[in-house]
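Reading through the structure tokens given below for one structure.
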Amino acid sequence: MAHPAMSGTGTTADDDPLRTAVWRLRSRACWADAAALLRGRTAQDSLLRATLLVERCLYTEQGWAEAEDALRTAEAQADSDEERGAAACERGQLAYTATLHGVRDRADEARAALGRAAALIAPDSPNRALLDFRRGLLAENLSRSPQAARAAYRRAHANATTHGDTLLLSFTWRHLAGLALRDGELGEARHGFAESLRIREELGYLVGTAPALASLADTESEPEASRLRAEAGRLFRLLGGVPTWLPRHLASAGETTDPAGP
């Protein structure tokens with residue numbers, strides 16, 4: 001079972017109409033509407049519903065109680081190690097997001113949940129790529145260990161490539177580029193950010209396109225940098241002010257990639 005956070009959500013011709021509808025809503029920042037289509041269905045649908053509401057927390061800094069409720073439902077319905085591992089991965093992401101946004105320090109919970117996911121998810125599972133990516137997020141943004149983060153992102157990138165998880169590749173490209181930018185590797189950073197943007201535009205992942213534009217702008221000279229930031233701002237307004245943290249990134253243009261990192 002591919003983890004629904006990054007695949008099987010309407011991005012390929014093989015996805016059913018429900019997954020396609022969910023993907024279109026999700027990509028336009030309509031997480032609650034997408035989640036409503038999945039209420040009361042299978043264990044996998046409950047997991048996807050939790051994923052959507054956890055993602056909403058990352059982009060909007062709101063909806064924490066709804067995400068917790070959806071996650072508890074997904075955990076209760078999971079009936080295999082793979083499903084339990086995927087639910088634990090979402091539990092870790094929610095705890096990480098709450099810590100990142102300063103809602104409450106749940107760093108220990110995030111690490112414990114991702115450790116539990118690692119014990120449950122098979123080494124050759126498609127779910128492993130997302131787990132590695134999220135362990136990289138913890139290493140980069142909570143543990144402040146860029147070397148460990150880079151290693152985790154590279155594992156995630158390789159696994160996502162193997163399993164054809166194109167959306168996740170846009171995340172791994174982006175975070176590897178962010179580390180390169182911090183190290184002063186401007187060409188490598190520009191390439192990674194450009195690849196991330198290309199994938200998101202091709203998939204129609206609008207809610208992730210504005211951050212990708214803003215990050216690419218940090219590697220460009222004028223007038224291209226200003227053009228990219230203006231386009232990011234236009235998409236931000238079009239989507240109703242999400243991601244909430246994007247204006248802070250634009251205000252500190254050229255310093256670093258944004259901390260939340262979708």
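Just so it is clear, the values below take in all heavy atoms, side chains as well, and ignore hydrogens, waters and symmetry mates. Index from 1, following the sequence.
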What is the minimum heavy-atom distance between [X] and [Y], and which atoms define it?
| X | Y | result |
| --- | --- | --- |
| Ser196 | Ser170 | OG-O, 2.7 Å |
| Leu94 | Ala67 | CD1-CB, 4.1 Å |
| Ala139 | Ala149 | CB-N, 3.7 Å |
| Ala214 | Ala232 | N-CB, 4.1 Å |
| Arg135 | Ala118 | NH1-CB, 3.5 Å |
| Ala225 | Glu220 | CB-O, 3.6 Å |

Would you say the side chains of [X] and [Y] form a donor-acceptor pair under 3.5 Å?
| X | Y | answer |
| --- | --- | --- |
| Arg200 | Thr209 | no |
| His157 | Asp132 | no |
| Tyr96 | Glu109 | no |
| Arg111 | Ser143 | yes |

Full working for side-chain contact (heavy atoms from CB on, under 4.5 Å) between Arg150 and Arg155
CA-CA 9 Å; Arg150 183 178 288 106; Arg155 289 195 303 272; over 6 Å; no
Between atom [atom1] of [X] and atom [atom2] of [Y], what is the distance when rounded to the nearest 0.5 Å?
| X | Y | atom1 | atom2 | value |
| --- | --- | --- | --- | --- |
| Thr219 | Glu185 | OG1 | CD | 13.0 Å |
| His191 | Leu216 | NE2 | CG | 12.0 Å |
| His249 | Leu213 | NE2 | CG | 10.0 Å |
| Leu228 | Phe193 | CG | CZ | 12.0 Å |
| Ser80 | Gln44 | OG | CD | 9.5 Å |
| Asp33 | Arg26 | CG | CZ | 15.0 Å |

Hey, are [X] and [Y] close enough for a salt bridge, meaning a charged N less than 4.0 Å from a carboxylate O?
| X | Y | answer |
| --- | --- | --- |
| Asp218 | Arg190 | no |
| Asp45 | Arg19 | yes |
| Arg198 | Glu202 | yes |
| Glu68 | Arg91 | yes |

Is there a side-chain contact between [X] and [Y] (heavy atoms, below 4.5 Å)?
| X | Y | result |
| --- | --- | --- |
| Leu137 | Tyr153 | yes |
| Glu188 | Asp183 | no |
| Arg39 | Arg49 | yes |
| Leu167 | Trp23 | yes |
| Glu195 | Arg174 | no |
| Asp165 | Pro126 | no |

Does [Y] offer a backbone N or O that forms a donor-acceptor pair with the side chain of [X] under 3.5 Å?
| X | Y | answer |
| --- | --- | --- |
| Trp31 | Arg28 | no |
| Glu83 | Asp79 | yes |
| Thr172 | Leu169 | yes |
| Thr51 | Leu47 | yes |
| Asp16 | Leu18 | yes |

So, using side-chain hydrogen bond (donor to acceptor under 3.5 Å, both in side chains) as the criterion, who are the partners of Asp108 when residues are at least two apart?
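side-chain hydrogen bond (donor to acceptor under 3.5 Å, both in side chains) list for Asp108, sorted by chain: empty.
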Glu222: what forms a side-chain hydrogen bond (donor to acceptor under 3.5 Å, both in side chains) with it, not counting sequence neighbours?
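Counting only residues at least two positions away or on another chain, Glu222 forms a side-chain hydrogen bond (donor to acceptor under 3.5 Å, both in side chains) with Ser226.
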Give a yes or no on whether [X] and [Y] share a hydrophobic cluster (residues Ile, Leu, Val, Met, Phe, Trp, Tyr; joining criterion: side-chain heavy atoms under 4.5 Å apart).
| X | Y | answer |
| --- | --- | --- |
| Leu130 | Leu120 | no |
| Tyr205 | Leu48 | yes |
| Leu138 | Leu168 | yes |
| Leu238 | Leu197 | yes |

Go through it in stages, so that I can follow the logic: the residues are Cys89 and Leu114, the test is side-chain contact (heavy atoms from CB on, under 4.5 Å), and I'd like the CA-CA distance, side-chain angles, deciding distance and then a yes or no.
CA-CA 5 Å; Cys89 191; Leu114 294 186; 4.2 Å; yes
Aromatic rings His101 and Trp64: how do their planes relate, parallel, tilted or perpendicular, breaks at 30° and 60°?
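His101 and Trp64: perpendicular rings.
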His175-Phe133 aromatic ring centre distance below 6.0 Å:
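Yes: the rings meet the under 6.0 Å criterion.
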Report the C-alpha distance between Val207 and Tyr59 in whole Å, list the side-chain angles of each, state the deciding distance to 0.1 Å, and finish with yes or no for side-chain contact (heavy atoms from CB on, under 4.5 Å).
CA-CA 9 Å; Val207 73; Tyr59 279 92; 3.7 Å; yes
Among all residues two or more places apart in sequence or in another chain, which pass the side-chain contact (heavy atoms from CB on, under 4.5 Å) test with Thr99?
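Result, side-chain contact (heavy atoms from CB on, under 4.5 Å) vs Thr99: Asp105, Arg106, Ala107, Leu142.
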Taking it one step at a time, do Arg182 and Glu140 satisfy salt bridge (Lys or Arg N to Asp or Glu O under 4.0 Å)?
CA-CA 12 Å; Arg182 289 189 177 99; Glu140 180 181 3; 2.6 Å; yes
What residue among Leu58, Leu53, Leu52, Val54 forms side-chain contact (heavy atoms from CB on, under 4.5 Å) with Arg56?
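It is Leu53, the one option of Leu58, Leu53, Leu52, Val54 that forms the side-chain contact (heavy atoms from CB on, under 4.5 Å) with Arg56.
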